[in-house]
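All remarks here apply to the structure that follows.
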Amino acid sequence: ATFIFNVTGLVSEFDVASDGSIVYGTLNGLFRRVGTATTILNNEPISGVTVYGQRIFYNNGITIRSINLNGQAGAPLIQPTTGTCTCRAGFSGEGCRTCNNGQIQWSPEGIPSCVPVNAGGVPIRCSYDWQCGNVPYTVCFGTCECRSNFTGYRCDQCASPRSSFFRNGIPYCE
């Protein structure tokens with residue numbers, strides 16, 4: 001075993017964040033250690049800790065909560081009186097897996113968001129071409145757009161009476 005650092009009191013749970021810091025819970029609170037210990041949350045007994053991306057998820061024996069690595073708290077994830085989950089904006093249903101009137105998109109940190117879609121089912125914002133739905137006719141530039149000289153509901157019609165063709169997997173109008 002390798003000695004890492006001393007902790008006063010009993011550590012109930014710990015995890016390692018993506019930046020290499022160690023996040024741990026005790027009967028006295030939630031702490032993060034990068035060189036020296038930093039108190040994230042004081043005077044709350046912690047019985048479970050998990051770090052995911054830039055968020056710390058912890059159990060204080062009553063509810064599961066979320067807090068960022070700098071200590072900014074989020075809403076309880078499980079309501080103690082009903083035992084039901086608090087879903088992120090736009091999500092509902094069992095396990096918060098239903099995206100209401102939208103498309104689920106994931107951030108680089110692994111956090112889902114429910115992005116609204118327009119009447120054609122295309123998301124109002126995107127990060128990748130495939131999120132726009134009709135690749136290779138659509139492209140993502142922060143929003144889904146038709147390729148140059150293409151139009152229509154699915155972006156698969158030439159803008160003026162022309163014929164379309166493919167070159168190296170990319171559609172063109174001539």
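In this text, all values refer to a predicted model and were calculated from it rather than measured experimentally.
Of the inter-residue distances, the one linking Phe150 atom CZ with Ser164 atom OG reads 5.0 Å to the nearest 0.5 angstrom. Between the OG atom of Ser113 and the CD atom of Gln103 there is a distance of 9.5 Å, given to the nearest 0.5 Å. Of the inter-residue distances, the one linking Gln105 atom CD with Cys126 atom SG reads 7.0 Å to the nearest 0.5 angstrom.
Legend: residues meeting side chain to side chain donor-acceptor pair (under 3.5 Å) with Asp156, ordered by chain and number and at least two apart, are absent. For Ile104, the side chain to side chain contact (heavy atoms under 4.5 Å, CB included) criterion is met by Phe91, Cys99, Trp106, Pro112, not counting sequence neighbours. Here Thr143 pairs with Glu145 under the side chain to side chain contact (heavy atoms under 4.5 Å, CB included) rule; sequence neighbours left out.
Residues Val139 and Phe166 do not share a hydrophobic cluster, defined by chaining ILVMFWY side chains whose heavy atoms lie under 4.5 Å apart.
More than 12 heavy atoms of other residues, nucleotides or ligands sit less than 6.0 Å from atom CG of Asn118.
Applying the 4.5 Å side-chain rule to ILVMFWY residues, one finds that Val122 remains a lone member of its cluster.
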Only distances under 3.5 Å count here; give the side-chain donor-acceptor pairs of residues 167-174 to other protein atoms, sequence neighbours excluded, each with its distance to 0.1 Å.
none

With a 3.5 Å cut-off and sequence neighbours excluded, list the donor-acceptor pairs that the side chains of residues 131-138 form with protein atoms.
| residue | atom | partner | partner atom | Å |
| --- | --- | --- | --- | --- |
| Gln131 | OE1 | Ser127 | N | 2.6 |
| Gln131 | OE1 | Tyr128 | N | 3.0 |
| Asn134 | OD1 | Arg154 | NH2 | 3.0 |
| Asn134 | ND2 | Arg154 | O | 2.6 |
| Thr138 | OG1 | Asn134 | O | 3.4 |

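The heavy-atom pair separating Val115 from Pro123 by the smallest distance is CG1-CB, 4.0 Å.
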